[in-house]
Each structure stands twice: as C-alpha cells, then as structure tokens.
Amino acid sequence: MQKIIIIEDERSLQKTLSDGLIQDGFEVFSALDGETGIALAKKEKPDLILLDLILPKMDGFEVLRQLKMGEETKSSMVIVLTNLESSGDVEKVLELGATTYLVKANYGLQEIIEKIKETLNKK
Amino acid sequence: MANSSSLTLNIFKQCRIRAVPLWQCPQFLFLVMGVINIASMILAYVFGRDLLSVEFVIVIVVSIAIVLLFLSYIITRNFEKLMELNQMKTEFISIISHQLRTPLSATRWAVSTMLAGGQTEEDKLSYLALLKENNDRMVRLLNDLLLVARIEQGRVDFKPQKFLMQDVAAQVVNNFKNYAKANNVNIVVEGGDENCLVMADPEYIKLVIQNLVDNSVRYIVKKGQVTVKTFLKRGNVVCAVKDTGVGIPLSDQNQIFQKFFRSKNVMRYQTEGTGLGLFIAKAIIEFSGGKMYFKSKENQGSIFYFTLPIAKK
C-alpha cells in the first residue's frame, strides 16, 4: 500500500482529502503543521507528501527545504497543494525540489486524486 | 547644490516607486513648472531691468518659489496617499479572495465526496458539520466587511447599557480557553476586583476583546501566555491584553490600525486574517467614547490597551 502524508492546517481540506485518498486505497497520515509533518515524514518514509504553503509557525517553503535536505526524507516526492499562485511561488517550489504544484481552487477532489496517482506512476 | 541634486534624484526615485511615468508624476511636473516659472521671471527681469529693482525681483521669485513648494507638497502628499490606498486595496482583494478560496475549496470537495456516495450516516453528519463550519467562516468574513462599511458611513447601531468590563473579559477568555490550549497558549484573566462599570454596547465590546485576544493567540509562535486585565485609572476603565508573541516591527507600528494593513512579520507566520480586526476594534472603542493604544517590541510581545469612561451609578 502506498503511503501519503498530508501537511495541511485547514482541517476541512485535510479531512476531505484524506477520506478520498483512503477510499482509493492509500495509507494516509496527517499533520496540521510543518514541524509535525517533517517528523512524520522521517518516521514513515512516505511515497508522497502533499504540502500546503501557508502553514502556522513554519511556512511550506521552509518545510520543503528541510524535507529535501534531510537524508531520510529527500527521496519522498512532494506535491505542493496551495491556493497561492503567483509565478514566483511556482518557480520557487519547483526549484526547491517539489515534483509538481497544484492550485486547490482549480481542481475538484477527484481530479487531485488523479494527479496524485499520475505522479506516483511516473516514479 | 548637493542638496538640490539629491532632491532631484529623490523625485525620480519617488516616481519610479509609484510606477508612474515621469510626465504623469506630480513631483516631477511641479519641478518643471517651478523651473519654467522662475526662468520666465528672470528672463522678464533681464529684458525689463530698467523698470524693476533687483530686490523687488528677488522677493517675487522667492515668494513664488515658496508658494509653489507649498502647493506641490499638498498635492503630491494627496497623490501618495491615493497610491498607497490603491496598493492596499489590491492587497486586500488578494487576501479576501484567498480567504474565500479555502472554504470554497473545502465545500466543493466535501460536496463531491458526498455526491459520490457510500458514506455511513456518521460520515455524512461530519461532512455536513464541515460544510456548516466553512459556510460560517465565509459569513463571518463578509460580516466583517459589512461592519467596516457601516463604520465608515457612521451607521453602526450601538445599544449602550451598563455592564462590568471584567465580566465581558472573563467571558471572552473562557470562550478562548480551548482554542488557546490547542495553540500551546496559556490564557488568564487578572484584576476584576475593582468595580469596572462602563456604559457601552456589551456585544461590540466583546467583539473588541475577542479581536485582541484572537490576535494575541494567533501570533504567539510555539508557546506563550496571554493575560487580559481590567482596572481603573484616572476616571477610566482600562482593559489590557498582553501577549508574549512575535510583536510588531517598529516600522509597522504607526500603520497597524489602518484598514487592510497587515504587518510583514505576521504574514510569515499566519495568513488567515483580513487586516480588519484592529481597525474595527479601534473604531468601536472610539465610537463608545474611549481610546485604544498599544506597546510592542518585536520578538517580545505586545500589550493592547483600551479605555472606556466609568459609568455613573
């Protein structure tokens, strides 16, 4: 079973997304802030991490940087899932090592799950 | 001379910052106008020197220069204010649309999950609760906007009555207990033994304390303490909300009560926030006959105070 960690502080988004992914047969772990997310990633070594950029205490850019620098976490793919969409943000996260970047408001839940499967298949 | 050249450079810089072409930039246009005026006066003197004395021309040139400087100062200042306001509105629209996007995405996803079917009754109820919560959030945001509009038009409907400030403060602190705990913040209420009787609309005063406490809890990184204290001072009832949060940078301190303004260091920690809370709080207190002020130090914390006159028994 493929493992996914969702790092998202919005409980509603966190819940709908994790329910959807569980239904599609993934093993899902959730973190409401960056620090917990990084600790969880070290422990679980997931196939994929879904990362929000706006997080309390440590922002998503910093979380991404630390994930990609950490020996245990750098091999997990990261999809950045956010509502920020300036071209600068997109470039920055791709530069930092994210696999892809999705704007939440532009996709329905099923479309996002399809994108996640596509990304995992490319691995 | 060095002074005037740095002034000229400054004008070019100002126009560039505001992203206005030179020929539309009042600072530059006034400079050109001044130069033309003074040059034309000097030329007139050169040709008509038999008729005018040097002293007379100097007085005229200097006084016209002063008048021009004064006028250009007023007009450019207003122009700058407009540009700032415009910039803030643009930022505000992006904040509001971002704030609406999150609950909209959540409701969209929840509805599509429900439509796909296959949930237990319990699941369905939790999805309905989620829809309600996000709906409430959008309503709150729009209510804030409407309140701001009413404040600006002076149409706020206050229903003043006598009440004890410490009671309202304790009520707010109580409501925040769980939220604070979840954020690693210890929240306490102090004072309250004095008779802090005021005449105001308790619902609005509650909103003010809520806004202040909400900011305090929100902008504490990792863990900290929020203290709400009520006391009497020089014929006023004072309420102070103190936190050990990120504080407000000195450069932002004179702007924090402005509508839509959000401090730069705050944006780094949290983006939920409309930049309306303090504007609303200050306006309510001033409408109720009080004052609001604060002390803050970056990385140490802030104390927000507001006063209301003591009510006669």
Side-chain angles (χ1 to χ4, degrees), chain A residues 6 8-26 28 30-36 38-39 50 52-63 65 80-89 92 102-116, chain B residues 90-91 94-120 122-138 179 182-185 217-224 245-246 265-273:
Chain A
I6 307 173
E8 163 71 74
D9 63 326
E10 284 294 334
R11 282 165 206 276
S12 324
L13 295 176
Q14 168 85 256
K15 182 181 160 47
T16 39
L17 198 53
S18 74
D19 284 1
L21 287 167
I22 289 169
Q23 218 164 32
D24 274 52
F26 292 99
V28 181
S30 299
L32 291 168
D33 66 78
E35 279 170 25
T36 322
I38 292 172
L50 295 173
D52 186 14
L53 287 181
I54 297 156
L55 292 166
K57 291 161 200 195
M58 186 198 290
D59 71 26
F61 295 106
E62 184 54 32
V63 175
R65 196 174 294 125
V80 168
L81 197 56
T82 182
N83 271 334
L84 295 177
E85 59 175 328
S86 77
S87 58
D89 294 329
K92 199 169 157 196
L102 303 174
V103 176
K104 292 177 210 168
N106 294 350
Y107 297 94
L109 189 57
Q110 274 316 313
E111 291 169 296
I112 289 193
I113 294 174
E114 287 311 314
K115 290 268 175 196
I116 290 169
Chain B
T90 312
E91 273 167 31
S94 90
I95 290 169
I96 293 289
S97 35
H98 184 266
Q99 294 263 54
L100 282 175
R101 264 182 150 183
T102 302
L104 280 172
S105 304
T107 45
R108 183 179 176 191
W109 294 2
V111 168
S112 71
T113 306
M114 288 189 85
L115 283 175
Q119 292 97 3
T120 61
E122 201 185 332
D123 275 347
K124 275 184 196 158
L125 282 177
S126 78
Y127 271 93
L128 286 174
L130 184 153
L131 286 173
K132 182 177 184 301
E133 184 194 310
N134 282 286
N135 194 25
D136 287 350
R137 193 162 141 190
M138 290 190 267
Y179 175 68
N183 283 284
N184 260 326
V185 173
V217 175
R218 202 181 287 274
Y219 300 124
I220 285 175
V221 181
K222 295 198 164 77
K223 57 200 251 177
V246 298
N265 69 340
V266 148
M267 299 288 284
R268 262 187 277 141
Y269 301 107
Q270 280 277 2
T271 42
E272 206 194 303

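Residue numbers begin at 1 in each chain, while the letters A, B, ... track the order of the sequences.
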**OP:** Output all residues satisfying salt bridge (Lys or Arg N to Asp or Glu O under 4.0 Å) with K222(B), sequence neighbours left out; order by chain, then residue number.
**Re:**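 Expected list: E35(A).
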**OP:** Measure I220(B) against the heavy atoms of chain A and call it side chain, backbone, both or neither at under 4.5 Å.
**Re:**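 Backbone of I220(B) only, per the 4.5 Å heavy-atom cut-off to chain A.
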Original post:
Side chain, backbone, both or neither: which part of Q119(B) has an atom under 4.5 Å from a heavy atom of chain A?
Top reply: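 Neither part.
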Quick one: [atom1] on [X] to [atom2] on [Y], what's the gap to the nearest 0.5 Å?
X	Y	atom1	atom2	result
L130(B)	L13(A)	CG	CG	8.0 Å
S12(A)	K132(B)	OG	NZ	12.5 Å
D19(A)	W109(B)	CG	CH2	12.0 Å
Q23(A)	D123(B)	CD	CG	8.5 Å
T16(A)	M114(B)	OG1	CE	12.5 Å
I112(A)	S105(B)	CD1	OG	8.0 Å

**OP:** Name the region of E8(A), side chain, backbone, both or neither, that has any atom closer than 4.5 Å to a heavy atom of chain B.
**Re:**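 E8(A) has no heavy atom closer than 4.5 Å to chain B.
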Original post:
Heavy-atom distance under 4.5 Å to chain B: side chain of D33(A), backbone, both or neither?
Top reply: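 Neither part.
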**OP:** Dump the intermediate steps for side chain to side chain contact (heavy atoms under 4.5 Å, CB included) on S112(B) and Q110(A), then the final yes or no.
**Re:** CA-CA 8 Å; S112(B) 71; Q110(A) 274 316 313; 5.9 Å; no
**OP:** For K104(A) and L104(B), run side chain to side chain contact (heavy atoms under 4.5 Å, CB included): C-alpha distance rounded to whole Å, both residues' side-chain angles, the deciding distance at 0.1 Å, then the answer.
**Re:** CA-CA 10 Å; K104(A) 292 177 210 168; L104(B) 280 172; over 6 Å; no
Subject >> Within-4.5 Å side-chain heavy-atom neighbours: K15(A) and T113(B) >> reply: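 In short, these two side chains do not touch, never coming nearer than 4.5 Å.
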Subject >> Trace of the side chain to side chain contact (heavy atoms under 4.5 Å, CB included) decision for L109(A) with R108(B) >> reply: CA-CA 8 Å; L109(A) 189 57; R108(B) 183 179 176 191; over 6 Å; no
